[in-house]
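Here is the structure we will look at, set down as structure tokens.
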Amino acid sequence: IMCMRFLLCPLFPGTGLLVSRLFSMSHVLTLEAERSDPRGDDMTSALLVGLSGGTKWRVASKSKDSSNVLEAISGVLASSKFCKGTGEGDYFYMLAVGMLARHYVISKEEKSESYARRLSRGLATDAVKDIMLVADLLSKPHEDSSLKWQDVVKVVQTTCI
């Protein structure tokens, strides 16, 4: 599981292709300890690494993921097995919501929201609501004007669980 998660990190070459191919296995990316306590330290750490790519230099409020990664993640999220209730506490669901919400916030700041909106087509209504709620919370001003990865993870967990 940890190897599969590593290969899904945003900075790993070919992530979009891997996401597409691992589509049917995405539900197994959640460890039992994370599923039993989705707000716990294990899930928080996993999401922190998954969203940041494991690097401290990647700034949360400026880091765009490649279009092939975003399209692949949106495609998996559009599958019927990911909806409110089935996605609660699911690592991949929260990772996808966090990545798509962050992309929407960055696109909105750059006045290029059309692509971000296209990514949400075909998603379950609850997934779109989660993405937009996370995006709204992430776009609010922060104390030191920079968004931290811990902020992203906290908002994703609060919204998706």
Side-chain angles (χ1 to χ4, degrees), residues 5 8-11 15-16 19 23 26-27 29-30 34-35 37-161:
R5 284 183 179 179
L8 295 177
C9 281
L11 298 177
T15 298
V19 169
F23 159 73
S26 57
H27 66 283
L29 293 175
T30 308
E34 297 165 350
R35 192 172 304 284
D37 186 13
R39 286 190 177 99
D41 292 341
D42 290 341
M43 181 64 87
T44 300
S45 296
L47 288 171
L48 194 57
V49 170
L51 287 168
S52 71
T55 61
K56 298 210 183 287
W57 55 266
R58 198 166 179 243
V59 181
S61 57
K62 302 292 181 210
S63 297
K64 286 180 97 170
D65 297 303
S66 70
S67 59
N68 65 341
V69 170
L70 293 167
E71 288 167 11
I73 289 211
S74 179
V76 172
L77 195 58
S79 75
S80 61
K81 70 178 176 179
F82 286 109
C83 57
K84 201 72 168 174
T86 59
E88 289 179 22
D90 186 90
Y91 170 80
F92 186 84
Y93 180 81
M94 289 193 279
L95 178 71
V97 166
M99 290 175 81
L100 293 171
R102 187 181 68 232
H103 178 75
Y104 185 80
V105 170
I106 293 168
S107 297
K108 192 173 178 181
E109 289 171 358
E110 295 175 350
K111 310 266 190 273
S112 61
E113 298 171 60
S114 61
Y115 178 68
R117 277 197 215 112
R118 258 190 325 213
L119 288 172
S120 65
R121 286 189 192 142
L123 298 182
T125 304
D126 288 328
V128 174
K129 284 180 185 175
D130 283 349
I131 291 166
M132 297 314 292
L133 183 57
V134 170
D136 183 52
L137 293 169
L138 294 180
S139 62
K140 296 196 182 319
H142 298 276
E143 296 163 11
D144 63 358
S145 76
S146 67
L147 188 59
K148 304 281 189 267
W149 288 112
Q150 292 83 351
D151 300 332
V152 177
V153 170
K154 183 178 177 185
V155 168
V156 167
Q157 285 175 304
T158 302
T159 303
C160 293
I161 300 171

If I take atom CZ from residue Arg102 and atom OG from residue Ser107, how far apart are they, to the nearest 0.5 angstrom? 11.0 Å

Nearest heavy-atom approach of Val128 to Ser120 is CG2-O, 3.8 Å

For Thr159 and Val97: C-alpha separation, side-chain torsions, deciding distance, then whether side chain to side chain contact (heavy atoms under 4.5 Å, CB included) applies. CA-CA 9 Å; Thr159 303; Val97 166; 5.7 Å; no

Between Leu138 and Asp151 the two heavy atoms that sit nearest each other are CD2-O, 4.4 Å

Between CG on residue Asp90 and CD on residue Glu34, distance to nearest 0.5 Å: 9.5 Å

With sequence neighbours excluded, tell me which residues meet side chain to side chain donor-acceptor pair (under 3.5 Å) with Glu71. Tyr115

So how far is it from Asp37 CG to Ile161 CD1, rounded to the nearest 0.5 Å? 8.5 Å

Any side-chain heavy atom of Leu100 sitting closer than 4.5 Å to one from Leu119? yes

Tell me the closest heavy-atom pair linking Gly122 and Ala78, and the distance in Å. O-CB, 3.6 Å

List the atom of Val134, the atom of Ala101, and the distance in Å for their closest heavy-atom pair. CG1-CB, 3.4 Å

Report yes if the side chains of Thr30 and Met43 come closer than 4.5 Å at any heavy-atom pair, otherwise no. yes

If you define the side chain from C-beta out and look only at heavy atoms, does anything of Leu123 sit under 4.5 Å from Ile131? yes

Closest non-hydrogen atom pair between Cys160 and Met94, with its separation: CB-CG, 3.6 Å

What one should report as the nearest heavy-atom pair of Tyr93 and Ala127 is OH-CA, 3.5 Å

Do the non-hydrogen side-chain atoms of Leu51 and Met99 ever get within less than 4.5 Å of each other? yes

Any sub-3.5 Å donor-acceptor pair from Thr158's side-chain atoms to Lys154's backbone N or O? yes

